[in-house]
Visitor: 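Here it is: the structure, laid out below.
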Amino acid sequence: MSDLIDTVRPLAKKTDSKILMVVLDGVGGLPLTVNGDTELATAQTPHLDALAVQSQLGLAELVAAGITPGSGPGHLSLFGYDPLKYVVGRGALSAVGIGVKLNAGDVAVRGNFASLGQSRLIVDRRAGRPSNEKNAEIVAKLRAAIPEIGGTPVEIYSESEHRFVVVFRATGTPLGANVSDVDPQVTGVPPHVAVAHDPASERTAELVNAFVARAEAALADEPQVNGVLFRGYSDVPHFPNFDDIYQLRAACIASYPMYKGLASLVGMDVLPVEGEEDALAGKVAALRENWDNYDFFYWHVKKTDSTGEDGDFAAKVKKIELFDALLPDLLALQPDVLCIVGDHSTPSKLASHSWHPVPLLIQSRYGRKDAAARYTEEEAQKGSLGLRRGTDIMPLLMANALKLQKYGA
């Protein structure tokens, strides 16, 4: 099946221009009241406002109208990969992001530690966002309790906060990854039973259900982290190489393993970041130190999403304002093309991802006059870019960087 990658690849050319893609994870929002302001519109963002006046704005749908993107599909779309064609589970992204090698036939699964109440009803899908130290403690307890299941080796890894990764290692017959989620993604109900959607995945579903039961037994004495939820099953994914498609040397600057894993899978170099998780100052330093070595930078901010998932409108506003405060440090590097966009919307009103298009900003020397005056959802609707598919963004950035040759005679 042909896609936009097949069109762009023969047109891409190397130049000295530099592209910076800033992904404010989950930045799109909703007002708390009818005709109120979103988190972006509420935030005091003088630097983003000034940038918007000099830029082209629009909205982007990462998958399709009405479809709520996961972080993996959202990012793949931003990188130019059709998320309906290139499919990968969250488990593989997280596993690769923390340096775990997957072999053919293995299945990786993304897990959440959760708080369960009476009758196994889910009280908190993220177990109060435990510290990374508590995460490591729980993982150690599970490793001791579940080294294998029925002869299948089980590997358990910390990711961050409530997140962890489980890898079921194939010992002969490959394990299938077509299994339903244990995580219902709502509270007040019990975890789902994993169900295989094809015969090749039946063993995996058995392993998952056995793991859930044994984990709950091992964590029965824990006051808060006493359950596990699974989603995002994945075997070994393969993608066309990002650098080869676009004739770029690309780097990823991110803190969370899943995003580093996805960048690694498409062929980007993952750069080290100093400081606490999602430390913006460390990301600015990494960008500055490596500016001369790459043509394309993917620069990720996570907490705009986490605060939305927590349903905390004020905290999300604050995270947007913290990004705005450091925006001058990014502008000082004078990228030839700067893009600011989200990988999905995470309105604090919903406390979850949503289907709403995300605001898109592109600054270059080759933009047309634009009516948008702020980087907000409402202003982006006025912008000259209009409503775009997420997969349109990379070709637009390449064109604005003068990195695409003419198509046809």
Visitor: Any sub-3.5 Å donor-acceptor pair from Ser201's side-chain atoms to Ala196's backbone N or O?
Guide: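 Such a contact is absent between Ser201 side chain and Ala196 backbone.
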
Visitor: Here's a test for you: under salt bridge (charged side-chain N to carboxylate O under 4.0 Å, His left out), which of Arg129, Lys303, Lys316 qualifies with Glu309?
Guide: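 Testing Glu309 for a salt bridge (charged side-chain N to carboxylate O under 4.0 Å, His left out) against Arg129, Lys303, Lys316 leaves exactly one candidate, Arg129.
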
Visitor: With distance as the sole test, does Lys403 use its side chain to make a donor-acceptor pair with the main-chain N or O of Ser17 at under 3.5 Å?
Guide: yes

Visitor: What do you reckon, is CD of Gln405 surrounded by more than 12 foreign heavy atoms closer than 6.0 Å?
Guide: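 Counting other residues, nucleotides and ligands, CD of Gln405 exceeds 12 neighbours.
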
Visitor: For the CD atom on Glu148, are there more than 12 heavy atoms of other groups (residues, nucleotides or ligands in this structure) within a distance under 6.0 Å?
Guide: yes

Visitor: For the pair Tyr246 (side chain) and Phe79 (backbone), establish whether a donor and an acceptor sit closer than 3.5 Å, ignoring hydrogens and angles.
Guide: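 The answer is yes, because a donor-acceptor pair under 3.5 Å joins these two groups.
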
Visitor: Side chain of His162, backbone of Asn112: donor and acceptor closer than 3.5 Å?
Guide: no

Visitor: Scan side-chain atoms only and decide if Tyr256 and Asp25 contain a donor-acceptor pair under the 3.5 Å cut-off.
Guide: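 Side chains of Tyr256 and Asp25: no pair found under 3.5 Å.
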
Visitor: Any donor-acceptor pair under 3.5 Å linking the side chain of Lys283 with the backbone of His300?
Guide: yes

Visitor: Would you check if the side chain of His192 reaches a backbone N or O of Asp181 as a donor-acceptor pair within less than 3.5 Å?
Guide: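 Checked: no pair found.
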
Visitor: Of the non-hydrogen atoms in Asn293 and Glu289, which two are nearest, and what is the gap between them?
Guide: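 Taking Asn293 first and Glu289 second, the nearest heavy atoms are ND2-O, 4.2 Å.
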
Visitor: Crowded around Glu274 CD? As in, over 12 foreign heavy atoms under 6.0 Å?
Guide: no

Visitor: On a heavy-atom basis, which atom in Leu271 and which in Ala251 lie closest, and how many Å separate them?
Guide: CD1-CB, 3.7 Å

Visitor: Look at Arg374 together with Asp49 and state whether they make a salt bridge at an N to O cut-off of under 4.0 Å.
Guide: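 Result for this pair is yes, salt bridge flagged.
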
Visitor: Is it true that the side chains of Thr391 and Asp82 contain a donor and an acceptor less than 3.5 Å apart?
Guide: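 Thr391 vs Asp82: no donor-acceptor pair found between side chains.
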
Visitor: Counting heavy atoms not belonging to Gln185, are there more than 12 under 6.0 Å from its CD?
Guide: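 Yes - once you tally the heavy atoms of other residues, nucleotides and ligands closer than 6.0 Å, there are more than 12.
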
Visitor: Measure the acute angle between the ring planes of Phe113 and Phe164, then classify it against the limits of 30° and 60° as parallel, tilted or perpendicular.
Guide: parallel

Visitor: Does a salt bridge link Glu161 with Arg126, judged by any charged N lying under 4.0 Å from a carboxylate O?
Guide: no

Visitor: What is the minimum heavy-atom distance between Gly383 and Asp370, and which atoms define it?
Guide: CA-OD1, 3.4 Å

Visitor: Answer with yes or no whether the side chains of Asp37 and Thr42 bring together a donor and an acceptor at under 3.5 Å.
Guide: no

Visitor: Any chance NZ of Lys141 has more than 12 other-residue heavy atoms, nucleotides or ligands included, within less than 6.0 Å?
Guide: yes

Visitor: Does any N or O in the side chain of Tyr81 come within less than 3.5 Å of the main-chain N or O of Phe242, such that one atom is a donor and the other an acceptor?
Guide: yes

Visitor: Will you find, in the side chains of Glu39 and Ser348, an N or O donor that is under 3.5 Å from an N or O acceptor?
Guide: yes

Visitor: Verify the neighbour count for atom CG of Asp16: are there more than 12 heavy atoms of other residues, nucleotides or ligands below 6.0 Å?
Guide: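 At most 12 heavy atoms, drawn from other residues, nucleotides or ligands, come within 6.0 Å of this atom.
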
Visitor: Give a yes or no on whether a salt bridge exists between Asp336 and Lys18, defined as a side-chain N under 4.0 angstrom from a carboxylate O.
Guide: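 No.
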
Visitor: Check Ala41 against Thr376 and note the closest heavy-atom contact, atom names and distance.
Guide: CA-CG2, 3.8 Å

Visitor: Whether the side chain of Tyr233 engages the backbone of Ser180 through a donor-acceptor N/O pair (distance < 3.5 Å, no angle test) should be reported.
Guide: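 Yes, Tyr233 side chain to Ser180 backbone: donor-acceptor pair under 3.5 Å.
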
Visitor: Indicate yes or no for a side-chain donor-acceptor contact from Asn226 to the backbone of Leu219 under 3.5 Å, with no hydrogens or angles considered.
Guide: no

